[in-house]
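Per chain, numbering begins at 1; letters A, B, ... match sequence-line order.
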Number of protein chains: 2
Amino acid sequence: MSAIEFRDHDHAACMRSTMQAAEAQCAARGLRLTPVRRRALEILLSEHRALGAYDLLAHLSAEGLGAQPPVAYRALDFLVKAGLAHKIEALNAYVGCVHPGEDHAPAFLICRGCRSVAEAETSPTKSRLGDAARAAGFRIERSVVEAEGLCPACQETGA
Amino acid sequence: MSAIEFRDHDHAACMRSTMQAAEAQCAARGLRLTPVRRRALEILLSEHRALGAYDLLAHLSAEGLGAQPPVAYRALDFLVKAGLAHKIEALNAYVGCVHPGEDHAPAFLICRGCRSVAEAETSPTKSRLGDAARAAGFRIERSVVEAEGLCPACQETGA
DNA sequence: TGTGCATTGATATGTTATAACAAGGATGCT
DNA sequence: AGCATCCTTGTTATAACATATCAATGCACA
């Protein structure tokens, strides 16, 4: 995989293509990417960083798109269910998905320095945890895999 | 690994030996397992279930061991730092560690039916996430690996 | 055109977590 | 013993994260 999130890249193009993929997804599946939802996704994607629901709300309300918590939470709920965004459990925060549409069990690299988040793939069933689950007769439905640490840039800066 | 948590076992003995291990740990490392902390750990261990901080607080305050949130959070903070308990990020809840002392990168199987939690081992560096991290130059400091689903018992009951 | 359903607006509240500061109590040193 | 220090606890207040509920709006399709 890539971890493009930690590298210099043409982020404007990155956002455009991701938004296009998101729109295509919604169109294909009959989901309505309304203005609030669309803008919420753009905000989440505008940096590869985890944003709290209230951070998102602040952005939205600054643009007149709703001022109460449910606005943000509803948008996030929609995006997460649609696979267009993910919740980072370790931070109680949210991040835009960089490859929407692909049915995935995401794993994250989370920088504690700059809060950047890179998305990777896992296969829970093939891990040691998957072995343990099989041995125990446990049926895995959802997995959370998150690693916290320092991204290359923050290793140089703060060490 | 075992996932003893989902199986019938002599839980009284299980708790006794875990508490002994915890005490040994604290003694060896000069940590003070005070009454509140000790009782908090016992409560967390009393079932192999995740307990919210306020659930724990309710137990503690029912026993006259402190009535305000910081009491519970301080105890949990101590236990987690000492490796005697773990936070389940996906639930914002806490669980007693069943093999304290061993320096470990735990992974969890979490039943959404009964909130039971089984603890397994991972090696973040050897996973695909570890590969991704290396490729990206990311330094992993802590990992969160949690799988939600249904334990054997709850598969039978609720399906 | 109207009926139904998804979405949004708004108020209130629930749940999880921490900041800040005062007071108590153990430890170690002289 | 006296005292300093540091860890721990008590308490108040508040911050941060999240949801229940109900009314109003608007789109979609018969």
Report each atom pair, protein N/O against N/O of nucleotides 8-12 of chain C, whose distance is under 3.5 angstrom.
residue : atom : partner : partner atom : Å
C/dT8   : OP1  : A/Thr34 : OG1          : 2.7
C/dG9   : N7   : A/Arg74 : NH2          : 2.6
C/dG9   : O6   : A/Arg74 : NH1          : 3.3

May I have the list of side-chain donor-acceptor pairs in residues 45-52 of chain A shorter than 3.5 Å, sequence neighbours left out?
residue : atom : partner  : partner atom : Å
A/Ser46 : OG   : A/Ile43  : O            : 2.8
A/Glu47 : OE1  : A/Arg49  : NE           : 3.1
A/His48 : NE2  : A/His9   : NE2          : 3.2
A/His48 : NE2  : A/His11  : ND1          : 3.3
A/Arg49 : NH1  : A/Cys114 : O            : 3.3

Within the 4.0 Å heavy-atom criterion, would you say B/Tyr94 contacts the bases, only the backbone, or no part of the nucleic acid? sugar-phosphate
Do the charged groups of A/Glu63 and A/Arg39 touch, with an N to O distance under 4.0 Å? yes
Compare all side-chain heavy atoms of A/Leu129 with those of A/Val145 and state whether any distance is below 4.5 angstrom. no
Whole angstroms only, please: what is the CG-P distance between A/Asp77 and D/dC17? 17 Å
Integer-rounded Å distance: D/dT9 P and B/Leu33 CG: 10 Å
Rest of the hydrophobic cluster containing B/Leu91 (Ile/Leu/Val/Met/Phe/Trp/Tyr, side-chain heavy atoms under 4.5 Å)? B/Ile88, B/Val95, B/Phe108, B/Ile110, B/Val117
Between C/dG14 (P) and B/Asn92 (CG): distance, integer Å: 19 Å
Rounded to whole Å, how long is the line connecting atom CZ of B/Phe78 with atom P of C/dT18? 17 Å
Distance, rounded to the nearest Å, where B/Lys81 contributes NZ and D/dC7 contributes C1': 13 Å
Check for a donor-acceptor pair, side chain of B/Glu148 on one end and backbone N or O of B/Cys111 on the other, with a separation under 3.5 Å. no
Go along nucleotides 23-29 of chain D 5' to 3' and tag each nucleotide: B for a protein heavy atom under 4.0 Å from its base, S when only backbone or sugar atoms are that close, - otherwise. ----S--
To the nearest 10 degrees, how far apart in direction are the end axes of the helix from C/dT1-D/dA30 to C/dT30-D/dA1, each fit to five base pairs? 30°
Of residues 45-63 of chain B, the positions that come close to DNA chain C - non-hydrogen atoms, cut-off under 4.0 Å: B/Tyr54
Could you state the OH-C1' distance from B/Tyr73 to D/dA16, rounded to the nearest angstrom? 11 Å
